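The basis for the numbers below is simple: all heavy atoms, side chains too, and nothing from hydrogens, waters or symmetry mates. Counting from 1, the numbers follow the sequence of the chain as shown. Everything numeric here is computed off the predicted structure, so don't read it as measured data.
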Amino acid sequence: MLERNNTEPLFIVGVPRSGTTLLTSYLVSHPNIESGAETQFFNKIGEDEAALEYALQEENWPHAAYDLMKKKLTLSGVSVLELYCKDRESIILFLSSRKPSLGAMLESIVIRNTDTSSPRRWLEKTPNHINHLNDIRTHFPSAKILLIIRDPRDSAASIAKLPWAPKSTLANALLVENWLANTYKGFEENNNCLTVSYERLITNTEEELKKVFSFISEEYSPSILEKKSAAEVTTVAEPWKKDVHRAIDKNHLALWKKRVPKPVLIQIERIMSACLDFFSYREPVTDQIQRVELIQVNNQQFVGLDNFAEVINKNKICLSNERLDTSFLYLEKGKLLAVSFKALKLSFFQKKKVFFVGKKISILSFLGSYLE
């Protein structure tokens with residue numbers, strides 16, 4: 001019998017479309033583990049630093065904390081507190097017995113049963129908490145953190161299905177590389193962190209789950225494979241989870257081979273070279289290329305950017321999120337004026353070299369170079 005500690009919370013993180021919901025559906029099928037909607041807690045709660053500082057002051061606690069969570073934590077326009085069936089009274093009651101802290105605020109949402117005689121471990125699954133690993137470790141030092149990793153090429157090719165995501169595989173490859181970079185240093189060296197393979201979870205499910213349950217010190221049972229509690233992790237505000245009840249489909253592996261055109265594949269492998277190499281999805285490649293900073297103007301969706309992958313590749317360019325001396329702008333329909341003003345600022349005021357693709361505007365040739 002494994003020794004377990006009911007007080008150890010669980011966090012599942014990863015890039016979008018990497019299997020975080022699938023992994024969660026297995027874990028919540030264990031009788032000692034409960035979960036719910038993505039809270040987006042660390043991602044959103046600190047957006048207004050002044051409001052957060054105010055909420056954590058002793059004289060404003062806990063009412064200001066509730067107000068801040070109610071305002072900031074939403075999914076598809078629905079309050080996360082409502083998705084957890086938490087009202088003002090229950091949150092205030094919980095927080096009143098706790099000292100002001102971010103940890104207490106999150107626990108007031110995710111702890112369903114306050115009866116300490118029959119506790120269940122809570123599991124929080126918000127993929128972009130991969131960008132807040134230090135916050136998790138600071139406020140929950142004993143928490144177990146599970147990172148699920150899928151072939152980054154598959155993730156980049158699938159993210160556009162999400163309502164908030166750019167409609168470009170190139171732009172989404174940048175997101176994947178940026179998020180996974182948070183795990184390159186020190187993740188595996190931490191005894192409270194484990195990397196789970198999406199591919200092994202699909203092809204050798206039981207063996208991978210046994211490794212996971214051993215890591216979190218819970219008994220594994222074959223009944224977990226039935227995912228009987230998968231409904232716990234699906235809500236009306238998360239339509240992207242609708243497939244969680246379906247049987248595992250091995251045809252979902254390496255979909256990038258069928259879906260991603262060759263020019264786009266070449267570019268996303270340049271963009272994501274670090275994570276492809278780090279997680280051993282390919283042999284390291286040495287490629288003489290120029291890295292340029294892709295600039296997003298006014299929440300561009302980058303519709304049609306993938307059509308220019310061949311031109312970008314021909315010029316031996318690799319798009320990047322890093323702050324660089326050379327900028328890359330996409331002249332996208334509906335954003336032409338905003339992008340033109342951004343080009344003026346970059347070229348004249350910041351003295352940066354600028355490359356363009358997309359709609360040709362003759363005056364912009366004075367500010368930079370169109371890739372041909």
- Message: Determine whether Lys211 and Glu208 satisfy the following criterion, salt bridge (charged side-chain N to carboxylate O under 4.0 Å, His left out), listing intermediate values before the conclusion.
- Response: CA-CA 5 Å; Lys211 181 181 77 172; Glu208 193 70 1; 3.1 Å; yes
- side-chain contact (heavy atoms from CB on, under 4.5 Å) between Leu106 and Phe42, intermediate numbers included: CA-CA 9 Å; Leu106 178 55; Phe42 289 112; 4.2 Å; yes
- Query: Would Asn131 and Val13 satisfy side-chain contact (heavy atoms from CB on, under 4.5 Å), going step by step from the backbone distance to the final call?
  - Reply: CA-CA 9 Å; Asn131 299 318; Val13 300; over 6 Å; no
- Message: Between Arg200 and Glu206, is the salt bridge (charged side-chain N to carboxylate O under 4.0 Å, His left out) condition met? List the steps.
- Response: CA-CA 9 Å; Arg200 288 197 296 270; Glu206 193 159 32; over 6 Å; no
- Test log, rule ring-ring contact (aromatic ring centres under 6.0 Å, His included), inputs Phe11 and Phe140: CA-CA 10 Å; Phe11 287 86; Phe140 300 98; 5.6 Å; yes
- Task: Might you work through the side-chain contact (heavy atoms from CB on, under 4.5 Å) test for Lys144 and Leu10, ending with a clear yes or no?
- Result: CA-CA 5 Å; Lys144 298 290 189 180; Leu10 306 172; 3.6 Å; yes
- Would Tyr370 and Phe356 satisfy ring-ring contact (aromatic ring centres under 6.0 Å, His included), going step by step from the backbone distance to the final call? CA-CA 5 Å; Tyr370 273 91; Phe356 302 105; 5.2 Å; yes
- Output, in order, the C-alpha distance, side-chain angles, deciding distance and verdict of salt bridge (charged side-chain N to carboxylate O under 4.0 Å, His left out) for Arg259 and Asp154. CA-CA 9 Å; Arg259 293 182 176 177; Asp154 273 330; over 6 Å; no
- Report the C-alpha separation of Arg98 and Glu107 in whole Å, then their side-chain angles, then the decisive distance to 0.1 Å, and conclude whether the salt bridge (charged side-chain N to carboxylate O under 4.0 Å, His left out) test is met. CA-CA 10 Å; Arg98 304 293 185 94; Glu107 286 184 326; 2.7 Å; yes
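The side-chain heavy atoms of Met69 and Phe41, taken from C-beta on, include a pair separated by under 4.5 Å. A 4.5 Å side-chain heavy-atom check between His132 and Asn182 finds every atom pair outside the cut-off. In this structure the side chain of Leu123 reaches within 4.5 angstrom of the side chain of Ile12, judged on heavy atoms. Side-chain atoms of Val264 and Pro261, non-hydrogen and from C-beta on, do get closer than 4.5 Å to each other. Residues Arg120 and Ile33 have side chains not in contact (no heavy-atom distance under 4.5 Å, counting atoms from C-beta outward). The shortest distance between side-chain heavy atoms of Tyr220 and Leu225 falls below 4.5 Å. Leu133 places none of its side-chain heavy atoms less than 4.5 Å from the side chain of Cys193. In this structure, the side chains of Phe213 and Glu219 stay at 4.5 Å or more apart for every pair of heavy atoms.
Here NZ of Lys335 is found 13.5 Å from NZ of Lys342. Values are rounded to the nearest 0.5 Å. Summarising the geometry, atom CZ belonging to Phe366 is positioned 7.0 Å from atom CD1 belonging to Ile363; distances are rounded to the nearest 0.5 Å. Distance check: Arg153 CZ to Thr169 OG1 gives 13.5 Å after rounding to the nearest 0.5 Å. With rounding to the nearest 0.5 Å, the separation of CG in Leu319 from CZ in Arg291 is 9.0 Å. Distance check, rounded to the nearest 0.5 Å: OG1 of Thr138 to CG of Leu102 gives 9.5 Å. Of the inter-residue distances, the one linking Ile145 atom CD1 with Ile216 atom CD1 reads 13.5 Å to the nearest 0.5 angstrom.
Side-chain polar atoms of Asn321 and Glu177 form no donor-acceptor pair below 3.5 angstrom. Donor-acceptor pairing under 3.5 Å is lacking for the side chains of Asn192 and Glu8. A donor-acceptor contact closer than 3.5 angstrom links the side chains of Thr126 and Glu124.
Between the side chain of Ser214 and the main chain of Lys210, no donor-acceptor pair closer than 3.5 Å is present. A side-chain donor-acceptor contact under 3.5 Å links Thr205 to the backbone of Leu201. In terms of modelled atom types and a separation under 3.5 Å, the side chain of Ser347 and the main chain of Ala343 share no donor-acceptor contact. With hydrogens and angles disregarded, a donor-acceptor distance shorter than 3.5 Å links the side chain of Ser101 to the backbone of Ala104. A donor-acceptor distance shorter than 3.5 angstrom exists from the side chain of Gln296 to the backbone of Gln300, with no hydrogens or angles considered. When atom types are taken as modelled, the side chain of Lys70 and the backbone of Ser79 share no donor-acceptor pair closer than 3.5 angstrom. Listed for the Gln267 side chain is a donor-acceptor partner under 3.5 Å among the backbone atoms of Ile317. Side-chain atoms of Asn178 do not come within 3.5 Å of backbone N or O of Leu174 as any donor-acceptor pair. At least one donor-acceptor pair under 3.5 Å links the side chain of Tyr184 to the backbone N or O of Cys275. Between the side chain of Trp122 and the backbone N or O of Gly36, no donor-acceptor pair lies under 3.5 Å.
Just one of Thr20, Leu253, Thr203 meets the side chain to side chain contact (heavy atoms under 4.5 Å, CB included) condition when paired with Tyr198; it is Leu253.
A salt bridge links Glu38 and Lys125; the closest N-O separation between the charged side-chain nitrogens and carboxylate oxygens is under 4.0 Å. Ion pair Asp306/Lys167 not flagged as a salt bridge, since none of the NZ, NE, NH1 or NH2 atoms sits closer than 4.0 Å to an Asp/Glu carboxylate oxygen. Between Lys359 and Glu332 there is no salt bridge, since no side-chain N of the basic residue sits under 4.0 Å from a carboxylate O of the acidic one. A salt bridge is absent between Arg121 and Glu34; no separation between the charged side-chain nitrogens and carboxylate oxygens falls under 4.0 Å. Contact check on Glu293 versus Lys353 returns no salt bridge, with no Lys/Arg side-chain nitrogen under 4.0 Å from an Asp/Glu carboxylate oxygen. Looking at Glu47 and Lys72, a side-chain N of the basic residue comes within less than 4.0 Å of a carboxylate O on the acidic one, giving a salt bridge.
Residue Phe302 is not grouped with residue Ile266 when hydrophobic side chains (ILVMFWY) are merged at heavy-atom distances under 4.5 angstrom, including chains of intermediate members. In the hydrophobic cluster analysis, where Ile, Leu, Val, Met, Phe, Trp and Tyr join through side-chain heavy atoms closer than 4.5 angstrom, Leu294 is grouped apart from Leu324.
Between Phe328 and Phe355, the distance separating the two ring centers is not shorter than 6.0 angstrom. Checked against a 6.0 Å centroid threshold, the rings of Tyr281 and Trp256 do not count as neighbours.
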Listed pairs under 3.5 Å, donor-acceptor, residues 51-59 side chains, sequence neighbours left out:
residue, atom, partner, partner atom, Å
Tyr54, OH, Asn60, OD1, 3.4
Gln57, OE1, Asn60, ND2, 3.2

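Nearest approach of Lys227 to Ser25, heavy atoms of both residues: CD-OG, 3.1 Å. Scanning all heavy atoms of the two residues, the minimum distance from Leu180 to Pro152 falls at CD1-CG, 4.2 Å.
For Glu310, the CD atom is loosely surrounded, since the number of other residues' heavy atoms within 6.0 Å does not exceed 12. Counting heavy-atom neighbours within 6.0 Å of Phe348 CZ, excluding the residue itself, gives a total of 12 or less. Counting non-hydrogen atoms of neighbouring residues, nucleotides and ligands closer than 6.0 angstrom, the CD atom of Glu207 reaches no more than 12 such neighbours.
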